[in-house]
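All values below come from the heavy atoms of this structure, side chains included, with hydrogens, waters and symmetry mates left out. Labels below follow one simple rule: chain letters A, B, ... track the order of the sequence lines, proteins then strands, and each chain is numbered from 1.
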Amino acid sequence: MKIATWNINGVKARLETVQEWLKEASPDVACFQEIKSVDENFPRQPFEDLGYNVETHGQKGFNGVAILSKTPLEDVERRLPGNDDDEQARYIEATVTHGDGVVRFGCLYLPNGNPLGTEKFPYKLGWMDRLLVHAEKRLAEEVPFILLGDYNVIPDPVDAKNPENWTDDALFQPESRQKFRALTHLGMTEAIRACTEAPETFTFWDYQAGAWQKNNGIRIDHILMSPQANDKMLGCGIDKHVRGWEKPSDHVPVWVTLAA
DNA sequence: ATGTCGGAGCGACTCCGA
């Protein structure tokens, strides 16, 4: 079973690119972030034509997440619990049958948090606190649970080409990194770090200032696995080549494979 | 040293968010 996450930066602008990648990579489950579409306008048909079931949680203009699965998506829940006043579409959860068991997926688009000194950074930290509470609840259920998406957190200096350039950025603040570590300390395994020790393992390259050409990347898209999911993990990868395609997203797909 | 992109609202440019 192959499971992927990708911040596509706009489903309308990326439709052909995403279809091309789905044909090439053929994930069983794909989580997308920044669909930038309301649910009614999400182009479901092109994905259904490729054999996917589709569930979305979108809003107008920005944010928005989606889960695609070759097998049915069940018990779909939208919104991260913990703040009924939060109107931003950043979380969707669903269960997929896998072999003789099930896997629950949480697809997330964690707030960016920039610029520091505005209400955006405490919103990010509050959202991470809610995610910690929710993950703890899911982990207590002791079923395979995978929390994947654009975390907007650079976990460690090794996860940036030029970490010194990120010291004033919300993605690399000590508080952001501490809360990300706290998630793993609940017992979740961060898949890419568990699968590879390769240097310069990045998932995002800014559109600006020739970041891609200079490999000036960061690693902010993560797949966190509960113990029951981690026990099944076979391998992982990052589809870096997709960043070099025509009309790319600034992020690339990240994936894991699980034993049946 | 600088370099971008997507979407919305408006009315073919400017702003926002990243």
| task | Identify the nucleotide, in any strand shown, that forms a Watson-Crick or G-U wobble pair with B:dC10, with both distances under 3.5 Å; if there is none, say none. | result | none

| task | Tell me which of A:D206 and A:N152 sits closer to the 5' end of DNA chain B, going by the nucleotide each one is nearest to. | result | A:D206

| task | Can you tell me the distance, in whole Å, between the OH atom of A:Y123 and the C1' atom of B:dA18? | result | 14 Å

| note | Rounded to whole Å, the CH2-P distance (A:W166 to B:dA18) equals 13 Å

| message | Check this for me: does any side-chain nitrogen of one of A:R14 and A:E34 sit under 4.0 Å from a carboxylate oxygen of the other? | response | no

| Mind checking the P distance from B:dC15 to B:dG11? Whole angstroms is fine. | 13 Å

| task | Tell me which nucleotide among B:dG17, B:dT4, B:dG7 gets nearest to the side chain of A:Q208. | result | B:dT4

| task | Please say which of A:F42, A:Y52, A:W21 ends up in a ring-ring contact (aromatic ring centres under 6.0 Å, His included) with A:F47. | result | A:F42

| request: Look through every strand shown and name the nucleotide pairing with B:dC5 as Watson-Crick or G-U wobble, where both distances are under 3.5 Å. | output: B:dG17

| Touch check for A:Y109, heavy atoms < 4.0 angstrom, all strands: base, sugar-phosphate only, or nothing? | sugar-phosphate

| remark: Closest of B:dG3, B:dA18, B:dC5 to the A:A209 side chain is B:dG3

| message | Work out how far the C1' atom of B:dC10 is from that of B:dC16, and round it to whole angstrom. | response | 14 Å

| said: Between B:dG7 and B:dA12, how many Å separate the two C1' atoms, rounded to a whole number? | reply: 15 Å

| Would you call A:K137 and A:E93 a salt bridge, using N to O less than 4.0 angstrom? | no

| task | Describe the nucleic acid contact of A:K214 in one word from base, sugar-phosphate, nothing, applying a heavy-atom distance below 4.0 Å. | result | base

| said: Just the rounded figure in Å: distance from P of B:dG17 to CG of A:N114. | reply: 12 Å

| task | Nearest-nucleotide wise, let me know which of A:N9 and A:K60 is further upstream toward the 5' end of DNA chain B. | result | A:N9

| remark: Relative to its sugar, using the 90° cut-off around 0, the base of B:dA8 is anti

| query | Please give, in whole Å, the distance from B:dC16 P to A:Y207 OH? | reply | 21 Å

| message | Between C1' on B:dC5 and CD1 on A:I35, what's the gap in Å once rounded to a whole number? | response | 18 Å

| In terms of side-chain geometry, is the basic nitrogen of A:D156 or A:R193 positioned less than 4.0 Å from the acidic oxygen of its partner? | no

| query | Just how far, in rounded Å, is P of B:dG17 from CG of A:N7? | reply | 17 Å

| task | May I have the distance from A:K36 (atom NZ) to B:dA8 (atom C1'), rounded to whole angstrom? | result | 11 Å

| Integer-rounded Å distance: B:dG17 P and A:Q59 CD | 11 Å

| said: If hydrophobic clusters are built by linking Ile, Leu, Val, Met, Phe, Trp and Tyr wherever their side-chain heavy atoms come under 4.5 Å apart, do A:M1 and A:F145 end up in the same one? | reply: no

